[in-house]
Structures are given as C-alpha cells and as structure tokens.
Amino acid sequence: MLSFSLNPDQEEMRKVAAEFARREIEPRWREADEKAEFPLELLSLAYEQGLMGIAAPTSLGGLGLGATEEVIFTEEMAKVNPNLAVGLILQGSLAPSILWNFASQEQQQEFVPPVLRGEKILAMAITEPTAGSDVSNVRTTARRNGPDTWLLSGEKCFITLGEYAQQSLVLARTDEAEGIDGMRFFIVDTDAPGFRVKKMDMWANRPAPTSQLFLQDVEVPESRRLDAGFREIMATFNKERILVAARWLGHSQHAFSWAMEYATTREQFGKRIGDFQSIAFQFADAHVAIEAVRWLTYRAAWMWDEGLPIKDLMLDVSAAKLLSTQTAEKVSQMALHIGGGWGLVKDELPVARMAIDAFIAPVTVGSYEVQKRIIARKLGLRTE
Ligand SMILES: Cc1cc2nc3c(=O)[nH]c(=O)nc-3n(C[C@H](O)[C@H](O)[C@H](O)COP(=O)(O)OP(=O)(O)OC[C@H]3O[C@@H](n4cnc5c(N)ncnc54)[C@H](O)[C@@H]3O)c2cc1C
C-alpha cells in the first residue's frame, strides 16, 4: 500500500526496518512488558543497522533523511510493539532533535552523537503534575546563581526512559514576567546533586517506562542552557505527532492482522466467525479507517519534508494524529472482542495487551480534545 509513491531507497528502508523488528523487537517485547524495563541494547543494535538518527544531520552521525523515512521506520517497529517503537524514536529522533534544531554547535557535538549511537539516554522532561496538556503552566523554575550558573527546582512526571537517562532536557521557567517566552530548556545531568528519579508504575506502555523527576536546587551551567523554550517545543510537537500517528498506524495494522487471522481460523456454529456479517462489517470499517490513517500520516510526513511552514501543516498533522489514535483504540478493542475469552488469556495472545496499550494513544503529544481544538481553530472557529 502506498508503495507506488515511495522511492527504492525508502522501500529498502521498510525492508530493513521490518526485518529488524522481527529479529530484535519480537523476541524482547514480552519480557520488557512484564518487567516494565526497556531493553537498552536495542538502541545500539538499531544504530549498527543504520536505523538511529534517520533525520539527524550526517555531521552528528545521523542519516540526513526525512520524516517519511522516520514514519516508515516507526510504522514497522510499531507493527510488532508500539512501546519499544516509541523508545527507539524518542532516542533516535524526538529528544536529540531538540538539540540538533536549537542547540549551539558545541552542545550538538557533545550531546547528540552518543545518543544516536545508543551509548547515552536523553530524556525529554516537559510535563509536570499541574502542566499536562497545558504546557504554558510549567512551574519548574531556573534562577540565576551568579553569571555562569542556574539553579533548577521543580517536579516533572511521565518522563519516558527517565530512569535510564544520563541527561534530561528540562523545560523551566527563567522569567515569570515573560509568560510563555520566559521558558528555556536546560541539559541537566541526572546524577547532579539535588536530582532524584522515581519510576512510575503504569498499566500500559510498560516496555518504555516513565518516571517522575524531582529537582531541588540542581546546579546547571549557563553553557547547558538552550536558546529554545515553549514556542520551539510547540513546533517540535508537530513532528512528534506525525511519528506518533505512524506508531499507532503500525499498532492498528498489528491488531487488524491478528484479528483477521483469528476470525478466519476460529469456527463457531459451523463457520468461520469472520464470515458472520456483524464481524465482517467490523473488518470493513477497520480497513477503511486504517487506509485513511495511512494516507493522512504519509501526507503529513510529505508536507514536513517539503518544508511547509508549521502554520500550514498543523491542521493536517493533527488530523493524522487524531484519526490514527482513534483508530488504534477502536481496532485493538475490535480485535479483543473478536478474540472472545481467548483474547484475555495472558500466555496465549497479545491482543489484550494491544487494547490496553492503545489507551495511551490519545494521551501523549495532545489528547483528542487538543487535536480537535487545533483543527477547529485552523478552520476559523474559536473553540471557547
Ligand atoms: C506513556 C506516556 C509517556 C509520556 N512521555 C512523556 C515524556 O517523555 N516527556 C514529557 O514531558 N511528557 C510525557 N508524557 C506526558 C504527556 O505529554 C501528558 O500526559 C499529556 O500532555 C497530557 O497531560 P495529562 O496526562 O496531565 O492530562 P491532562 O492535561 O490533565 O488532561 C486530562 C483530560 O482533560 C482533557 N483536557 C485538557 N485540556 C483540555 C481542553 N482545553 N479542552 C478539553 N479537554 C481538555 C484532556 O484531553 C484529557 O482527556 C507522557 C505521558 C504518557 C502517558
């Protein structure tokens, strides 16, 4: 599907990524899920395979490709497990991209290559207990402590791979009076005095666990401050939404294939359960939704690669993210329903896990309501 518009190199990327997912993700995801531990060796394995830093500059060890190639990679990983996929794209793209887009040359050279090689983990610490969807409400403070040092204090939560990170990109308020313009990112060493990490135990997304971060007067040198804050992260969220749409596109396809396999082999009342009209029609609806997600996601990636200004691609990006996450929830619940009692047997089938994981889909990088607000505003409505 859609392959007619992919060039031979992109087709090759899909093959390499699919093979990597089969070889490295498939045998690891169950244990990662049970233990709620990310298998860190995946990062260097992906690097050796040429799958880290797909869109990162070649001068930093990346491949210098585009969002379309990142989408291909993410989709293939997520067809096997959406959570290990997100760990890989967080380290290969989302977190270091803040550095290669907004950091100084020195900061980029020091911090990006080790992350792309899988040697160091870089967390992205934006969310706080009282600043979830509303990032403008970040309360973590950075106050000057002499000309060359800052002191950071506050609390972050839901920080993916936070427990493994050597550095965290922490969004903090440098100037209360300046509102959203008074925020900056800092590259913070997680072993600095005053920095504490506590794992969050969650029902979903277990292979890419999240943490709370507590900062109490953590000293950070001026050289670790980025000239980027609220506005830059809002722009970056658009790229993240494209990759998140690809993540849930892969997940929906996995749930669909699983359900199709089951519905065409399981028989009741003397026939395949997939041949009952009420079940067959669910597959028809799911197929249409997945195809629509595929088009929206790849189109959004193409718009990004064409270099359209953010204001001209926001609506399409949010549409892809919204439909992809809605579809992932629906299709994985459909699969669970079709699995009957067997869908809930832990050792037998991964389908209950798929349905639970899909509850995360709408939450990250803007919920359903946040995406609808963006779309409605781009349509000229006020959404009050
Ligand atoms: C698995 C996972 C991984 C994450 N990883 C990271 C990470 O690495 N780094 C990081 O910084 N953050 C991370 N997050 C945080 C994530 O970005 C937030 O969870 C998200 O921004 C939503 O915030 P919240 O959970 O506090 O929900 P809230 O913002 O409190 O939202 C609760 C509900 O209210 C609704 N709502 C909010 N505002 C409006 C509105 N204006 N209109 C209508 N409804 C509204 C929402 O849609 C939602 O349904 C992660 C979260 C999860 C679950």
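It should be emphasised that the depicted structure is a prediction, and the values quoted were computed from it without experimental measurement. In each ligand, atom 1 is the first atom listed, and ligand 1 is the first ligand listed.
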Item to check | Test item: protein heavy atom less than 4.0 Å from atom 14 (N) of ligand 1 | outcome: yes
Item to check | Sub-6.0 Å ring centroid separation between F73 and F20 | outcome: no
Item to check | Under-4.0 Å protein heavy-atom contact, atom 33 (C) of ligand 1 | outcome: no
Checklist entry - Which atoms from ligand 1 have a heavy atom of T364 less than 4.0 Å away? => result 2 (C), 3 (C), 50 (C), 51 (C), 52 (C)
Item to check | Heavy-atom nearest option to atom 10 (C) of ligand 1, drawn from T127, L161, N205 | outcome: T127
Checklist entry - How far is atom 7 (C) of ligand 1 from its nearest protein heavy atom, and which residue and atom name does that atom have? => result F158 O, 3.2 Å
Next on the checklist: With a 6.0 Å cut-off on the ring centroids, do Y262 and W258 count as close?
Outcome noted: yes
Checklist entry - With only distance considered, is T210 within less than 3.5 Å of ligand 1 through an N or O on each side? => result no
Checklist entry - From atom 39 (C) of ligand 1, is the closest protein heavy-atom distance below 4.0 Å? => result no
Checklist entry - Other than L152, which residues form its hydrophobic cluster under the rule that side-chain heavy atoms must be closer than 4.5 Å? => result W150, I159, V170, F186, V188, F195, V197, L213, L215, V218, V220
Next on the checklist: Using a 4.0 Å cut-off to any heavy atom of I360, which atoms of ligand 1 qualify?
Outcome noted: 1 (C), 53 (C)
Item to check | atom 46 (C) of ligand 1: any protein heavy atom closer than 4.0 Å | outcome: yes
Checklist entry - So, is M124 polar-close to ligand 1, with some N/O to N/O distance under 3.5 Å? => result yes
Item to check | atom 49 (O) of ligand 1 [closest protein heavy-atom partner, distance rounded to 0.1 Å] | outcome: E369 OE1, 3.8 Å
Item to check | Verify atom 23 (O) of ligand 1: protein non-hydrogen atom under 4.0 angstrom away | outcome: yes
